[in-house]
Protein chains: 2
Amino acid sequence: MARDKEETKARILAAVGKLLAEAGFKGLGVNAIAREAGVDKVLIYRYFEGLPLLLQCFAKEGDYWPTVDELVGDESVAKAETLADWMAYLLSRFSDNLQGRPMTQEILRWELLEGNALTRELADVRDKFDLDSLKFLEEKQSFPPDKDIPAISAVLVAGVVYLMLRTKSSSTFMGIDFSSPAGWQRIQAALDSIVQLTVDGDN
Amino acid sequence: MARDKEETKARILAAVGKLLAEAGFKGLGVNAIAREAGVDKVLIYRYFEGLPLLLQCFAKEGDYWPTVDELVGDESVAKAETLADWMAYLLSRFSDNLQGRPMTQEILRWELLEGNALTRELADVRDKFDLDSLKFLEEKQSFPPDKDIPAISAVLVAGVVYLMLRTKSSSTFMGIDFSSPAGWQRIQAALDSIVQLTVDGDN
DNA sequence: TATCATGGTCACCGAGTGGTGACAAGCTGG
DNA sequence: CCAGCTTGTCACCACTCGGTGACCATGATA
C-alpha cells in the first residue's frame, strides 16, 4: 500500500467512525474495521495494540459532545431572560444538536448496555458536559431553593435522549408519530410548557 | 432424557427467560439456550423451527407488561383526585413496577437497538399499554384542551425509562447519584412537581 | 552493494456461531 | 414379536471471530 504509517492509522480511525455511524457498535470488531479501512487487521494490533486501545484512541480524537458555549451560541440571540427561558433554550438546542450527531447517538446506545472501558471514559466526558450545563444555568440565575433543578433537568434530558434513540427504529411512542416533524414539535412544545410551568412558578 | 416433548419445550422457554434476565439479549443464541436448558439444540429447530419463532413464542407466553388495572391496583387506595394526581400516581407505580421486571428492562434495551421482528411485536404490546394508560387517565378526567397530555406523558415516561436503563450500568447522571434510594427519591419528587405544576395549572 | 529496520501481506490457529443429517433409545399399535 | 413413530444424542458442516507468526517489499544507511 501507501507505506505511510500515519495515513494508515488515520484510515483505521476513520473506518471506526464510519462503521460506528452506519452500522452501530454491534459488529464493530477488528475484522470489520480492517475490512472497511482496506487494511490488514494485523496493523490494528501493531499500531493500536488491539481493539480496546484503538477505541480509546478514537474516543480521544473526536468531539462527540458539544461544549455548553457551542450549544448556546451567540447569547445575544437567545433572548432568554428567566431561568426557565434558559433551560428551555438549552434543552431545545441540545435536542437539535444531538439529532445531528449520529455517532453520539450510537455512543449513547452503547453506554446503555455495555459497561465497557471505552463507554465509561466517554460517559465521563458526557457527565462533565451535563454538570457544565447546570453550572451555566446557575450562573444565569441561581436555583430556587425549593426546587430540585438538577433532578428536573435529569428527567427532561433523559426523556429527550430516550425519545431520540427510540424513534430511530420505531417511529411511534405513546401514540405520537415521530416520523414527521409534527411529532417532535409536540415534544418540543411539551418541554417548553413543562419547563416554564415547573421552573418559573412561584410555589 | 425425560422423553416429554411439552416439558422439553417448557425448559427451552424457561432457559430463554433466564438467559435474557441474567445475561441480556447479547449472546442469546441457539447454542447458549440449549446449553442452559440442558437440551440438544437440534430440538430447538424441531420444536420451534429456529430461533426467531422461539423468541416469538416466548414473547407471546410471558407477561412483560403490567396491565393498567394491575398498575393502579385498588383504586380506593390511590386517593387521587385530580388528573395530575392520577398521572403522578401512575408514573410512580409504573416506575416501581418496571424496577421489579429485569426481563422487561432487557426487552426495552433490546428494542432500542435492534429492529428485530420480535422486538417489533413486543413494542406493539407496549404501545397498547401506553395508549391504555392514556385512555384510563382520560376517563378519570378529560384532558384540558390547551395542554398536550400525551406529549407530556411521553417525555416523562421516556425519562423514567431512560434513567432506569441507564442507572443499571453507570450509577450517576447529571450529578445525581442513583446508587442510593435518595437519588430515585429526588427523581420521584421531581416527577411529582412537574406533573402537578404542568398538568394541574390553569394557564 | 549488503544490512536492517519499517510497513504490509498472507496463512493459519482455536473457539464459538447457526444449522443439518444420521442414528440410537423408547413407546405404541398391529 | 416386529414395524413405525416420537424423542433425544452425536458428529459434522461452513462461517466468523479475535489473535499471532512467518514472510515479503521497500527504502535508508553503512
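Residue numbering restarts at 1 for every chain, and letters A, B, ... go by the order of the sequence lines. All values derive from a computational prediction rather than experimental measurement.
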| With a 3.5 Å cut-off and no angle check, do the side chains of A:Arg101 and A:Asn97 form a donor-acceptor pair? | yes

| query | Within this structure, what is the CG-to-P distance between A:Leu28 and D:dT16, rounded to whole angstrom? | reply | 17 Å

| Separation of atom CD1 in B:Ile44 from atom C1' in D:dT7, rounded to whole Å | 15 Å

| query | DNA chain D: A:Pro52 or B:Glu6, which has the more 5' nearest nucleotide? | reply | B:Glu6

| field | Length of the line joining B:Leu53:CG and C:dG19:C1', which is rounded to integer Å | value | 15 Å

| field | Nearest-angstrom distance from the residue atom CG of B:Leu43 to P of C:dG21 | value | 15 Å

| Going by atom types only, do B:Gln196 and B:Asp85 share a side-chain donor-acceptor pair under 3.5 Å? | yes

| Spacing between B:Glu49 atom CD and C:dT20 atom C1', to the nearest angstrom | 15 Å

| Would you call B:Asp130-B:Arg126 a salt bridge at under 4.0 Å N-O? | yes

| 5'-most contact on DNA chain C: B:Gly50 or A:Val39, nearest heavy atom basis? | A:Val39

| Side chain of A:Tyr45: nearest nucleotide among D:dG18, C:dG8, D:dT7? | D:dG18

| Rounded to whole angstrom units, what separation is found between the NZ atom of B:Lys5 and the P atom of D:dC5? | 15 Å

| task | Give A:Val42 one of three labels, base, sugar-phosphate or nothing, depending on what nucleic acid heavy atoms sit under 4.0 Å from its own. | result | base

| query | Does A:Glu49 CD have over 12 foreign heavy atoms under 6.0 Å away? | reply | no

| Can you tell me how far C1' of D:dT6 sits from CD of B:Glu7, to the nearest Å? | 16 Å

| task | Identify which nucleotide among D:dG18, D:dT7, C:dG8 has an atom closest to any side-chain atom of B:Arg46, counting heavy atoms from C-beta outward. | result | D:dT7

| task | Rounded to the nearest angstrom, tell me the gap between atom CZ in A:Arg3 and atom P in C:dA5. | result | 14 Å

| query | For A:Ala21, does its backbone N or O pair with a side-chain atom of A:Glu106 as donor and acceptor, under 3.5 Å? | reply | no

Just the table, please: protein N/O against nucleotides 15-17 of chain C N/O, every pair under 3.5 Å.
residue	atom	partner	partner atom	Å
C:dT17	OP2	B:Arg35	NH2	3.0

| Who are the side chain to side chain contact (heavy atoms under 4.5 Å, CB included) partners of A:Asp69, not counting sequence neighbours? | A:Thr67

| If you check every side-chain atom of A:Asp40, which of C:dC10, D:dG18, D:dT6 has the closest atom? | C:dC10

| task | Look at B:Thr8 and D:dT7 and indicate whether a side-chain polar atom (N or O) is within less than 4.0 Å of OP1 or OP2. | result | no

| Where do A:Phe58 and A:Tyr64 land on the ring pair (Phe, Tyr, Trp, His ring centres under 6.0 Å) test, with the steps shown first? | CA-CA 11 Å; A:Phe58 175 80; A:Tyr64 309 111; 5.5 Å; yes

